[in-house]
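Heads up, the thing below is written out as structure tokens.
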Amino acid sequence: SRRLLEPVEQTRLAGLVTSYRCIRAYGSQVKRRMACLFKNLYLESHGDRTGNWVAHTVRNYSETEAPEGSLDRNSITVSGGVGAGFGEHWIKVEIRQHATLGDFAAAVSNTQGEVVGHDKLSVFFIPLYSFNYGHATFDSLYPAFVSVLQFGLQDVPFRAVIWTKRENPVEKQLPGSYDRVEATLGRIGGLGCLNNKQIDERGMNRHNPTVLHRFDQLVMGSGANGQKLDMNGNFSLGACRDLHACRAFRKHLYDSLGFPQPPPARRAPPFRVIIIENKRYRDLKDFADVLMKSAALSDFHIEWVEWSGKGIKQTGNFTDHITIIAQTDIHISGPGTGMFYQTFLPDGAVHINLGNAETATQGYMEEYMAEGAPYLRALYYR
């Protein structure tokens, strides 16, 4: 016979069962993509750097909502983000349905040790090239943020929860790059970053007992809105125009850093100009030096920057970088990672894409970034 629960215990357990709301993720539905907001989502970690996501639902206590025909009988499948080969990482959340709160309590208590709780809002994604700011942010974090926006949570600080596989050759060539970029993802979210190694550092061992993690609120599932996996009719970064997602992303960043929102770009001199060193358009420091000495450009305060931290002024610190971007009126760069701060420029700023000087056809690569930010003005040098 089932044990009767005391009212206090019933109330406590009722606050720990899983509820979820799933909607169609913004963007292409050639492949069915959903975004889900979970309350009390569980992760069973076995030390294998991944684990099993589990929704523990209880009849009459869990609230569940999903588009008709979008769920398998016992699971929810969502996209965790784009992969290196233009494929996607598909994540399955197992739905375990319990008849009573007592059954739920018994199932959860089967794990070893205490349940590890993660409060407030978390957002899960699998970052592409998490040693590279541009890819990790706009292939991975940004599409996940669009899902956050769809649930009306765009102004809520969140923890970035990521699964990532670090490549030793990359870490050897670019020491500390994974740590720096993952820390940046956490700074943008506002509540830090939690990677799979931090979730479970025991290492891979099939004999490891299960450790259970519970996430108070977690958004999981992205649409095809990243810079590497998106092709919409306007050739713009997904959701930036239709949902004003780039504006929302910019606002969230400045709020997370504790910065005021940047005032509009200046309409009278002196105009602040930054020229960014970039591997696809090299030796821009000499170009910047020439412009600085030109009497015809006395209305423009011109600076050369190198985000890597090698320049006299630049420290390689993300907060310092955004401080510079917030005060910039004219932003000049070749394409690639060096220009990926453009989304955070003030309203009315001018972005000048120099093109790729390393190829005969030139190419601008990141046109969709500026096209997705109607608060900017973009020029293309030829």
Side-chain angles (χ1 to χ4, degrees), residues 21-29 33-37 78-79 81-82 121 123 125 133-158 160 184-185 187-191 217 219-265 267 321-322 325-329 331 339-351 353 366-379:
R21 179 186 173 214
C22 294
I23 59 178
R24 298 196 184 282
Y26 177 88
S28 170
Q29 288 291 330
R33 297 181 176 89
M34 290 191 301
C36 296
L37 171 61
V78 297
S79 172
V82 61
L121 178 64
V123 178
F125 57 95
Y133 161 81
H135 284 295
T137 303
F138 285 96
D139 273 322
S140 309
L141 174 57
Y142 171 77
F145 178 81
V146 173
S147 297
V148 172
L149 172 66
Q150 287 188 265
F151 290 111
L153 300 172
Q154 65 272 14
D155 293 328
V156 179
F158 62 82
T184 296
L185 299 177
R187 295 296 304 279
I188 295 173
L191 297 182
Q217 268 192 314
V219 173
M220 178 187 289
S222 301
N225 299 308
Q227 65 106 358
K228 193 177 178 72
L229 188 67
D230 182 30
M231 182 58 71
N232 62 60
N234 294 320
F235 288 86
S236 61
L237 190 62
C240 271
R241 285 183 174 267
D242 288 354
L243 302 184
H244 304 290
C246 282
R247 283 185 180 275
F249 195 46
R250 180 183 64 176
K251 180 179 184 302
H252 187 98
L253 166 71
Y254 282 94
D255 286 347
S256 292
L257 295 179
F259 290 176
Q261 295 301 307
R267 300 175 67 90
H321 294 178
I322 299 303
I325 287 293
Q327 300 169 1
T328 295
D329 302 308
H331 176 270
M339 67 163 52
F340 266 84
Y341 287 145
Q342 63 179 280
T343 300
F344 307 127
L345 287 165
D347 283 3
V350 176
H351 165 66
N353 186 330
E366 267 69 61
E367 298 101 312
Y368 58 90
M369 295 286 292
E371 184 62 25
Y375 48 87
L376 304 180
R377 299 293 179 264
L379 301 174

Please walk me through it: do Leu379 and Val350 pass side-chain contact (heavy atoms from CB on, under 4.5 Å)?
CA-CA 7 Å; Leu379 301 174; Val350 176; 4.1 Å; yes
Quick one, Phe125 with Phe145, criterion ring-ring contact (aromatic ring centres under 6.0 Å, His included). Give me CA distance, side-chain angles, the key distance, then yes/no.
CA-CA 10 Å; Phe125 57 95; Phe145 178 81; over 10 Å; no
List the steps, then state whether side-chain contact (heavy atoms from CB on, under 4.5 Å) holds for His331 with Met339.
CA-CA 8 Å; His331 176 270; Met339 67 163 52; 4.1 Å; yes
Show, in sequence, the C-alpha distance, side-chain angles and deciding distance for Arg247 and Asp347, and conclude whether the side-chain contact (heavy atoms from CB on, under 4.5 Å) test is met.
CA-CA 9 Å; Arg247 283 185 180 275; Asp347 283 3; 3.4 Å; yes
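Between the side chain of Tyr375 and the backbone N or O of Thr343, at least one donor-acceptor pair lies under 3.5 Å. The backbone N or O of Arg33 lies less than 3.5 Å from a partner atom in the side chain of Gln29, making a donor-acceptor pair. Checking side-chain atoms of Ser256 against main-chain N and O of Ile188 turns up a donor-acceptor pair under 3.5 Å. Panel note: side chain Arg377, backbone Pro374; a donor-acceptor pair is recorded below 3.5 Å. Between the Arg21 side chain and the Ala35 main chain, no donor and acceptor come within less than 3.5 Å of each other. Here the side chain of Gln154 pairs no donor or acceptor atom with the backbone of Gln150 at under 3.5 angstrom. Under a 3.5 Å cut-off, the side chain of Tyr142 and the backbone N or O of Ala136 do not form any donor-acceptor pair.
Minimum interatomic distance between Leu185 and Ala160 (heavy atoms only, all atoms of both residues): O-CB, 4.3 Å. Nearest heavy-atom pair, Val148 versus Val123, reported as atom, atom and distance to 0.1 Å: CG2-CG2, 3.5 Å. Heavy atoms only, all atoms of each residue included: Cys246 and Gly372 are closest at SG-O, 3.7 Å. The minimum heavy-atom distance between Ala349 and Ala265, with the atom names listed, is N-CB, 3.7 Å. Annotation for Asn225 and Gly27: closest pair OD1-CA, 4.1 Å, computed over non-hydrogen atoms. Taking all atoms of both residues into account, the shortest heavy-atom contact from Pro263 to Pro346 is O-CB, 3.1 Å.
Separation of atoms SG (Cys36) and CD1 (Ile23) is listed at 8.5 Å; rounding is to 0.5 Å. Taken to the nearest 0.5 Å, the CE atom of Met34 stands 5.0 Å off from the SG atom of Cys22. The line from CZ of Phe249 to CG of Leu237 is 9.5 Å long, rounded to the nearest 0.5 Å. Here the straight-line distance linking atom CD of Glu366 with atom NE2 of His351 works out to 8.0 Å at 0.5 Å rounding.
The closest side-chain heavy-atom distance from Phe158 to His252 is below 4.5 Å. Looking at heavy atoms from C-beta onward, Val146 lies in side-chain contact with Leu243 at the 4.5 angstrom threshold. Looking at Gln261 and Asp255, their side chains come closer than 4.5 Å, going by heavy atoms from C-beta outward. Annotation: side chain of Leu257 is in contact with side chain of Ile322 (closest heavy-atom distance under 4.5 Å). Contact of the Leu121 side chain with the Leu153 side chain is registered, since non-hydrogen atoms from C-beta on lie closer than 4.5 Å.
Ring planes of Tyr254 and Phe259: tilted class, angle from 30 to 60°.
In this structure, a donor-acceptor pair under 3.5 Å is present between the side chains of Asp242 and Tyr26. Side-chain N/O atoms of Asn353 and Gln342 include no donor and acceptor closer than 3.5 Å.
For the ring pair (Phe, Tyr, Trp, His ring centres under 6.0 Å) with Phe138, the lone residue among Tyr341, Phe340, Tyr368 that qualifies is Phe340.
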